[in-house]
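Worksheet for the structure shown next.
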Amino acid sequence: MPDRAALEIALERLEDFGSPVEELEQYRTPGDVAAHVLWDAYLRGDVSDRVVVDLGCGTGVLAYGSLLLGAAGAVCLDIDWKALEVARENLGKFRGMFDLIAGDVGRSPLRPLGGDCVVIMNPPFGVKRRGADAVFLREALKLCPRVYSIHKYAPRSLDVLTRIAGECGYSATVISMATMSLRQRLRHHRRRVYRFEVLLIRFAKNQV
Ligand code: SAH
């Protein structure tokens with residue numbers, strides 16, 4: 001079992017998107033932010049022996065970290081088969097423990113997996129396609145009783161996410177706010193390093 005620093009390093013070493021697709025908001029979650037959300041989920045007992053669902057898995061960073069921390073398996077969905085190719089490479093050492101599914105989260109082929117599953121995801125931020133993050137969240141809340149998700153911070157974003165959670169019978173708790181530093185990858189970025197705040201949020205199904 002890696003400690004947090006070792007996890008961060010392992011995640012940083014993974015293969016990145018070859019040629020990221022701007023429209024799909026393909027940014028790999030930096031190791032420090034990914035390790036933060038994964039360790040939080042782990043310490044709450046939401047990783048060990050769970051099936052982790054990674055929606056918009058990209059290169060599979062969050063699935064990989066979950067498997068390192070003792071998840072029983074991972075289900076990874078992404079719309080871009082090229083990203084899934086990278087994920088397959090990254091996850092190779094966990095052969096037999098993960099499924100890669102090509103599909104649109106808005107028309108997801110996944111069905112609820114029951115009490116032992118948890119979604120851990122970093123969806124598109126909904127900047128290129130407004131509302132993309134909400135589509136991911138609604139889908140995640142259909143699948144598993146616990147959801148960990150990373151969202152770009154804006155003054156009203158938490159209200160919107162909390163409202164969606166409430167409509168779906170979930171409560172939302174902010175784990176932390178973090179700064180995401182992305183090296184300039186996409187054409188429209190002029191600054192060399194692009195920094196912005198993200199919210200790490202845990203959603204839990206309300207007891208009935
Ligand atoms: N979760 C990964 C990648 C984040 S980038 C990480 O943490 O590193 C967002 C990912 O969502 C990209 O891989 C993109 O291809 C995927 N994506 C965007 N729109 C999608 C959709 N409608 N359905 C499924 N995946 C989608």
Side-chain angles (χ1 to χ4, degrees), residues 7-41 47 52-69 71 74-91 98-111 118-144 147-152 175-176 178-186 188-189 194 196 198-202:
L7 177 65
E8 207 176 303
I9 291 166
L11 298 178
E12 279 297 334
R13 283 199 183 129
L14 294 176
E15 201 60 49
D16 204 345
F17 291 103
S19 38
V21 182
E22 195 167 333
E23 273 302 302
L24 296 175
E25 300 189 52
Q26 290 185 332
Y27 315 100
R28 188 176 68 159
T29 308
D32 56 342
V33 177
H36 193 146
V37 73
L38 286 164
W39 262 99
D40 190 276
V47 176
V52 173
V53 181
D54 184 352
L55 299 178
C57 65
T59 63
V61 173
L62 294 170
Y64 184 94
S66 302
L67 290 166
L68 272 187
L69 293 179
V75 177
C76 307
L77 177 98
D78 204 282
I79 201 167
D80 179 19
W81 65 267
K82 279 194 181 162
L84 290 171
E85 286 290 328
V86 182
R88 194 210 311 272
E89 206 174 301
N90 281 334
L91 292 166
F98 63 91
D99 287 308
L100 300 176
I101 301 167
D104 182 345
V105 94
R107 279 174 267 154
S108 167
L110 300 177
R111 295 288 166 263
V118 58
V119 176
I120 304 183
M121 66 176 183
N122 178 16
F125 292 126
V127 174
K128 281 278 152 196
R129 285 193 202 157
R130 271 185 77 82
D133 50 341
V135 173
F136 271 72
L137 179 59
R138 285 185 191 280
E139 179 60 24
L141 298 178
K142 276 189 217 155
L143 293 175
C144 303
V147 172
Y148 291 81
S149 187
I150 302 173
H151 294 270
K152 186 164 186 175
I175 297 167
S176 173
T179 303
M180 201 124 136
S181 306
L182 300 176
R183 250 175 294 134
Q184 181 180 15
R185 301 284 319 268
L186 305 175
H188 71 277
H189 291 158
Y194 179 51
F196 53 93
V198 291
L199 296 171
L200 313 184
I201 308 179
R202 176 179 193 259

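In listed order, ligands and their atoms are each counted from 1.
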For this session: Enter the distance from Asp80:CG to Cys57:SG here, rounded to the nearest 0.5 Å.
Result: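 The SG atom of Cys57 is 9.5 Å from CG of Asp80, to the nearest 0.5 Å.
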
For this session: Drop me the distance from Thr59's OG1 to Tyr27's OH, to the nearest 0.5 angstrom.
Result: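 The OG1 atom of Thr59 sits 14.5 Å away from the OH atom of Tyr27.
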
Exercise. Where does Phe136 meet ligand 1, judged by heavy-atom distances below 4.0 Å: at the side chain, the backbone, both, or neither?
Worked result: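 The answer is the side chain.
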
For this session: With heavy atoms under 4.0 Å as the rule, classify the contact between Tyr27 and ligand 1 as side chain, backbone, both or neither.
Result: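 The part of Tyr27 near ligand 1 is the backbone, not the side chain.
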
Work out whether the distance between some heavy atom of [X] and some atom of ligand 1 is less than 4.0 Å.
X: Pro124; value: yes
X: Gly103; value: yes
X: Cys57; value: yes

What is the nearest protein non-hydrogen atom to [atom], stated with its residue, atom name and distance?
atom: atom 9 (C) of ligand 1; answer: Glu25 O, 3.5 Å
atom: atom 10 (C) of ligand 1; answer: Gly56 O, 3.4 Å
atom: atom 7 (O) of ligand 1; answer: Thr29 OG1, 2.4 Å
atom: atom 25 (N) of ligand 1; answer: Ile79 N, 3.3 Å
atom: atom 13 (O) of ligand 1; answer: Asp78 OD2, 2.7 Å
atom: atom 23 (N) of ligand 1; answer: Val105 N, 2.9 Å
atom: atom 22 (N) of ligand 1; answer: Asp104 OD1, 2.9 Å

For this session: Count the heavy atoms of every other residue, nucleotide or ligand shown that sit under 6.0 Å from CZ of Arg88, and state whether that count exceeds 12.
Result: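 No - once you tally the heavy atoms of other residues, nucleotides and ligands closer than 6.0 Å, there are 12 at most.
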
Exercise. By number and element, which atoms of ligand 1 are closer than 4.0 Å to a non-hydrogen atom of Phe17?
Worked result: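 Contacts of ligand 1 toward Phe17, numbered from 1: 13 (O).
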
For this session: Give the atoms of ligand 1, by number and element, whose distance to some non-hydrogen atom of Arg28 is under 4.0 Å.
Result: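 Counting atoms of ligand 1 from 1, those under 4.0 Å from Arg28 are 8 (O).
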
Exercise. Is any N or O atom of Gln26, backbone or side chain, closer than 3.5 Å to an N or O atom of ligand 1?
Worked result: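 Yes, since at least one N or O of Gln26 sits under 3.5 Å from an N or O of ligand 1.
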
Problem set entry | Min side-chain heavy-atom separation Arg13-Ile9 under 4.5 Å |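 Of all side-chain heavy-atom pairs linking Ile9 with Arg13, at least one is under 4.5 Å.
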
Exercise. Between the main-chain N or O of Gly126 and the side-chain N or O of Glu25, is there a donor-acceptor pair closer than 3.5 Å?
Worked result: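 Yes.
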
Exercise. Could you go step by step and tell me if Trp39 and Leu69 meet the side-chain contact (heavy atoms from CB on, under 4.5 Å) rule?
Worked result: CA-CA 8 Å; Trp39 262 99; Leu69 293 179; 4.1 Å; yes

Problem set entry | Passing candidate, side-chain contact (heavy atoms from CB on, under 4.5 Å) with Asn122, options Thr29, Leu200, Asp133 |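 Only one of Thr29, Leu200, Asp133 forms a side-chain contact (heavy atoms from CB on, under 4.5 Å) with Asn122, namely Thr29.
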
